[in-house]
Protein chains: 2
Amino acid sequence: MPSRVEERAKTAGRVAPLSSRTKILEVAEARFARSGFGGVGLRDVAVAAGLSKSTLFHHFSTKEALYVEVIGRVLERVAERVEPAFACGAPPAERLLRVSDALVDAFAEHPTTAPLLLRSLFEALPQLEVDAAQQEGAISVLQRLIGHFQDLVREGIAARAFREVSVPDTTQTIIGAAVFHFASGELGEQQFGDVSLFSAEAVARRRREQRSFFQRALLFDPAL
Amino acid sequence: MPSRVEERAKTAGRVAPLSSRTKILEVAEARFARSGFGGVGLRDVAVAAGLSKSTLFHHFSTKEALYVEVIGRVLERVAERVEPAFACGAPPAERLLRVSDALVDAFAEHPTTAPLLLRSLFEALPQLEVDAAQQEGAISVLQRLIGHFQDLVREGIAARAFREVSVPDTTQTIIGAAVFHFASGELGEQQFGDVSLFSAEAVARRRREQRSFFQRALLFDPAL
DNA sequence: GTCTATACTACGATAGAC
DNA sequence: GTCTATCGTAGTATAGAC
């Protein structure tokens with residue numbers, strides 16, 4: 001849900017004078033990506049956003065609510081990039097390549113996206129008892145995305161375009177391989193000789209490498 | 001470093017009456033795997049280990065020291081499983097399969113291994129200013145492992161057994177795919193219909209799937 | 001919506017008795 | 001090696017003025 005505040009900012013200002021709310025969300029996103037839920041203090045978030053702690057609590061009733069909203073935004077961003085690729089109507093073999101590229105583009109867009117998606121995939125929260133509404137909103141986006149992957153693999157197998165792989169295993173492998181690369185941070189960059197993973201050349205190369213990796217791994221006839 | 005205490009326990013008792021130290025390490029490992037560095041309180045660790053906070057501090061001077069030692073143990077366990085596969089002397093194509101299996105076995109051994117390895121790979125610590133000795137000990141194990149992967153890929157390419165892939169990209173892809181599967185926890189199990197990822201059948205299937213995935217993706221002639 | 005001030009709890013860490 | 005007691009800080013969250 002985009003919330004009235006953001007919409008107003010979009011329609012009103014030209015340089016989009018970030019509302020305090022979105023400023024908080026951006027700062028929190030960077031912090032959560034780096035240190036996880038428990039590693040972030042709201043005082044730090046507030047001052048980095050140029051506000052007081054109390055103001056933060058005016059906008060987000062609890063820390064968990066803030067976290068869930070941060071994760072929700074990230075998932076929406078990813079879905080926005082990736083779902084068109086799933087829906088492109090091309091045959092499975094080509095759709096796989098489009099999805100692979102869309103994943104790379106989604107993660108290359110913001111350095112925080114991959115770490116936060118990864119966290120939402122494997123990290124246990126101190127039982128998020130947040131308002132079930134938006135929490136399940138975020139979770140349902142995730143479920144939907146995973147469902148798209150599974151459907152694609154199933155379709156590919158049914159069409160005899162893909163080998164007869166295990167659908168859940170393959171889904172896990174694809175997601176893990178794609179998200180880890182852009183979540184690996186310093187350690188990843190060090191492997192590439194300290195060149196940013198997010199430079200134009202690095203992203204272009206990652207697209208090529210990931211396409212061919214998935215293509216060869218899944219397709220019966222990888223000569224595309 | 002195995003520490004005198006553990007060695008004594010090994011040589012002395014038959015049922016290995018866990019020293020407090022190792023008990024703390026085990027409890028902490030489970031907590032850190034689930035919630036990350038910042039999400040764990042030492043009070044909780046101590047009482048779960050049947051001890052007081054002060055006793056914990058008697059064994060580990062700081063929280064970071066405890067964390068680094070937990071990570072170090074995990075890395076050693078992984079290295080113990082995986083390095084023999086790298087050193088097996090078989091040609092690259094077959095070595096790749098052995099390494100793939102060894103990775104699955106390493107992660108299947110303890111459910112905490114993959115999450116903690118993943119964390120150590122992508123999570124930023126509040127600058128670990130721990131005694132450079134053991135910290136670099138842990139880091140050097142990681143570097144060594146990554147080096148093994150890179151060497152294997154390079155060798156495979158040189159021997160014309162592997163396609164001409166990007167060495168760092170491929171290393172990232174392999175590690176990400178392998179570790180994510182066993183780190184995905186509830187969400188992963190849900191994809192498999194709520195069957196444990198660590199059951200004998202699930203592990204056997206994962207070995208097969210991952211072998212064929214890597215094999216097809218990398219080898220010129222995947223007809224093994 | 002933003003602030004100051006505050007409540008209360010938990011945190012990491014230390015002192016010192018046993 | 002283990003404990004109780006305590007320190008100081010920072011944690012999340014609230015009350016209430018502006």
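Residue numbering restarts at 1 for every chain, and letters A, B, ... go by the order of the sequence lines. What you are looking at is a predicted structure, and each value in this text was computed from that prediction instead of being measured.
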Handout entry: Donor-acceptor pair present, K63(A) side chain and dG11(D) base, under 3.5 Å
Key = no
Problem - Separation of atom NZ in K53(B) from atom C1' in dT6(D), rounded to whole Å - result: 10 Å
Exercise for the section: For L66(B) and dA13(C), give me the distance from atom CG to atom C1', rounded to whole Å. Expected result: 14 Å
Handout entry: Validation row: F107(B), R81(B) side chains within 4.5 angstrom (heavy atoms)
Key = no
Fill in the blank from the handout: Regarding the side chain of S52(B), the nearest nucleotide among dG12(C), dT4(D), dC3(C) is dT4(D)
Problem - Residue-phosphate contact under 4.0 Å: H59(A) side-chain N/O, dT2(C) OP1/OP2 - result: yes
Problem - Whole-Å gap separating P (dG12(C)) and CZ (F60(B)) - result: 14 Å
Problem - Strand-adjacent residues in residues 41-50 of chain B, judged by heavy atoms under 4.0 Å from DNA chain C - result: G41(B), L42(B), R43(B)
Problem - Shortest side-chain distance from L51(A), nucleotide among dT2(D), dT12(D), dT2(C) - result: dT2(C)
Practice task
For R154(A), enumerate each residue passing the salt bridge (Lys or Arg N to Asp or Glu O under 4.0 Å) test, keeping only those at least two apart in sequence or located in another chain.
Solution key: D151(A)
Practice task
Ignoring the backbone of T55(B), work out which of dA13(D), dT2(D), dT14(C) is nearest its side chain.
Solution key: dT2(D)
Practice task
Answer with yes or no after comparing the ring centroid distance for F149(B) and F86(B) against a 6.0 Å cut-off, counting only values under it.
Solution key: yes
Problem - Polar contact flag, side-chain donor to acceptor under 3.5 angstrom, E209(A)-T173(B) - result: no
Exercise for the section: May I have all residue pairs that pass salt bridge (charged side-chain N to carboxylate O under 4.0 Å, His left out) and include part of residues 139-148 of chain B, sequence neighbours excluded? Expected result: E83(B)-R144(B)
Exercise for the section: Using only heavy-atom distances, decide whether a donor-acceptor pair under 3.5 angstrom links the side-chain of S54(B) to the base of dT4(D). Expected result: yes
Handout entry: Distance flag, aromatic centroids of F60(B) and Y67(B), threshold under 6.0 Å
Key = no
